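Taking it in order: structure first as structure tokens, then the write-up.
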There are 2 protein chains.
Amino acid sequence: MATGRSTQHNPNPAGGTRRSRGRGIPDATVARLPLYLRALTALSERSVPTVSSEELAAAAGVNSAKLRKDFSYLGSYGTRGVGYDVEYLVYQISRELGLTQDWPVVIVGIGNLGHALANYGGFASRGFRVAALLDADPAITGNVVAGLPVRHTDEMEEIVRDERVSIGVITTPPGAAQQVCDRLVAAGVTSILNFAPTVLNVPDGVDVRKVDLSIELQILAFHEQRKAGDDLADEDGEVPSAPAAAVVSGRGPEQGHGYEEAAG
Amino acid sequence: MATGRSTQHNPNPAGGTRRSRGRGIPDATVARLPLYLRALTALSERSVPTVSSEELAAAAGVNSAKLRKDFSYLGSYGTRGVGYDVEYLVYQISRELGLTQDWPVVIVGIGNLGHALANYGGFASRGFRVAALLDADPAITGNVVAGLPVRHTDEMEEIVRDERVSIGVITTPPGAAQQVCDRLVAAGVTSILNFAPTVLNVPDGVDVRKVDLSIELQILAFHEQRKAGDDLADEDGEVPSAPAAAVVSGRGPEQGHGYEEAAG
DNA sequence: CCATCTTTGTGCACGCGTTCACAAAGACAT
DNA sequence: ATGTCTTTGTGAACGCGTGCACAAAGATGG
């Protein structure tokens, strides 16, 4: 959910076998590894030496069989009758996720959200380093945010090249997102985390993940409505034949939630 | 899957058939409806009267067959040989998602991120109204953020009751998230959007969706590493017995959200 | 060394989601 | 009215993900 399956990431555009060998880990598993890692890190800090699949699954909020199968893709790292070695597993998962190396990232668009992300502790905590903050607005560039100067987007290409940035975070207004994305990709970025409410088009080989508050809220609203509807009687949602036309034709009384964000 | 599928939301805990009748819309479809809605709204603003599944699918970044099947769950709203009526579809999807009514939400935890969300335009734009901003820190309460006063969490229960809030957004530090969640649920909230990096335990009937920047980045890092690894040879990672500690030691701020089920 | 007990690792079946491919439906021209 | 052309709506096949249930593996005690 949240971010539901939230990947806009054409899995297999032209028939290339992606999970070819044993090295291939299912996407669903990859998405859960960070969850396990977090739970394991907490155990590690409490100096817990080993943990069973049952305990760890409970801490991560998943089914224990699923967890065991997930780990089986990484290898046989458990000991039957005992469980998993916490430290060892922390290392293995970190390595598998690529967190044993340093990932410089750039954040483009230092508005409210970019500001918040720059200050987010989770960045530095695990292998991710903010290489630069970028913005196109001269009124913002030069400011110091989270100890870093905000630099102008003109410097993007240079920074990406010199710092070997491969991950970019887009927190611009929706209208600027595609353009920023194109420039990032052209400069060499191959992974993008997009917070702008826009569908990004990228060439093959570039991964895009999106985080969209508005979508998450709408999904919750759907379920809320369903819950409320279940309490009432059947309430067959069949439109009484007229309102459809009414909506199409006259947009009067329908409390038009008229304009959404302009640049969809 | 980002926001990978990002729902922590036990689909079918006790065998209750969820998609029982025609009214049941698959989760995957629900997650895409907001995407279609956004694309349709953009078309609507450009006064485009109709759109084909092919065009709309391209705008939303999905397969056209998938889009048609998604719409088929809502009913037969298209016209063969022509396409879909944009305005009509906007209304139907809005209604299905429950956006024709007003959803008051509370945001708990007005730090950097809560601040950013309060200012986020996407909130007010589609049926969502910020009923209150809450924080436990007396140094923050009283401040005005996005035109609203930050109120103390002591008032949570009263506000949720009086304003009929059913959706809560948690942007607290991880240590406080579960406690805030419990209070929200006890007060009557039945949908939660969680930005804190914590697994929330909630009773049946409460929906939780999570947005986790750290997880998204780690998933991207995995794919980045895989891309880089494909170029290089195999690089077998034998553990030198120690490095786990090196990784773990690094940072402590991941404050142990200590109490899930303590070692069930 | 053997028996017992715990916990992993996985074979298997099932259901959901995706995609293809095509028949049915309607628009439009003649 | 009839034929052609476009586009929808959906049947069917396939693949992925999930969860059950159990055999294999190892620890532990006598």
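Fair warning: this is a prediction, and the values are worked out from it, not measured in the lab. Note on naming: letters A, B, ... go to the chains in the order of the sequence lines (proteins, then strands), and numbering restarts at 1 for each one.
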* Closer than 4.0 Å, any side-chain N/O of A/Arg68 to the OP1 or OP2 of D/dA24? -> no
* To do: Using atom CZ of B/Phe71 as one end and atom P of D/dT10 as the other, report the distance to the nearest whole Å.
  => 14 Å
* Using a cut-off of strictly less than 4.0 Å, decide whether B/Asn63 has a side-chain nitrogen or oxygen near OP1 or OP2 of C/dG17. => no
* Please examine the side chains of A/Phe128 and A/Leu99, heavy atoms only from C-beta on, and report whether any two atoms are closer than 4.5 Å. => yes
* Asked: Quick one: does B/Ile170's side chain get under 4.5 Å of B/Leu184's, heavy atoms only?
  -> yes
* To do: Ignoring backbone atoms, establish whether B/Thr79 has a side-chain N or O less than 4.0 Å from OP1 or OP2 of C/dG26.
  => no
* Asked: Under 4.0 Å: is that the gap between some side-chain N or O of A/Lys66 and OP1 or OP2 of D/dG19?
  -> yes
* Any B/Ser52 side-chain N or O less than 4.0 Å from OP1/OP2 of D/dT7 -> no
* Go through the N and O atoms of the side chain of B/Lys69 and the base of C/dG17, and report whether any donor-acceptor pair is under 3.5 Å. => no
* Asked: A/Tyr84 side chain N/O closer than 4.0 Å to the phosphate oxygens (OP1, OP2) of C/dG9?
  -> yes
* To do: Measure the distance from CG on B/Leu67 to C1' on D/dT10 and round it to the nearest whole Å.
  => 14 Å
* Which whole-number value in Å describes the distance from B/Leu89 CG to D/dT8 P? -> 11 Å
* Write down the distance between CD (B/Glu55) and C1' (D/dT8), rounded to a whole number of angstrom. => 14 Å
* To do: Provide, to the nearest angstrom, the distance between the CG atom belonging to A/Asp70 and the P atom belonging to D/dC16.
  => 16 Å
* Nearest-nucleotide comparison on DNA chain D, the residue closer to the 5′ end among A/Arg32 and A/Gly81 -> A/Arg32
* Structure fact -> Separation between SG (A/Cys181) and CG (A/Asn194), nearest 0.5 Å, reads 7.5 Å
* Asked: B/Tyr36 and side-chain hydrogen bond (donor to acceptor under 3.5 Å, both in side chains): which partner among B/Thr41, B/Thr29, B/Asp70?
  -> B/Asp70
* Using atom CD of A/Glu54 as one end and atom C1' of C/dT8 as the other, report the distance to the nearest whole Å. => 12 Å
* Closest to the B/Arg80 side chain: D/dG9, C/dT7, C/dG17? -> D/dG9
* **N-O pairing of A/Asp212 and B/Arg38 below 4.0 Å** => yes
* To do: Look at all strands and tell whether A/Ser76 reaches a base, only sugar-phosphate, or nothing, counting heavy atoms closer than 4.0 Å.
  => sugar-phosphate
* Asked: Rounded to the Å, how far apart are B/Tyr36 OH and D/dT8 P?
  -> 13 Å
* Asked: D/dT18 P sits how many Å from A/Asp27 CG, rounded?
  -> 11 Å
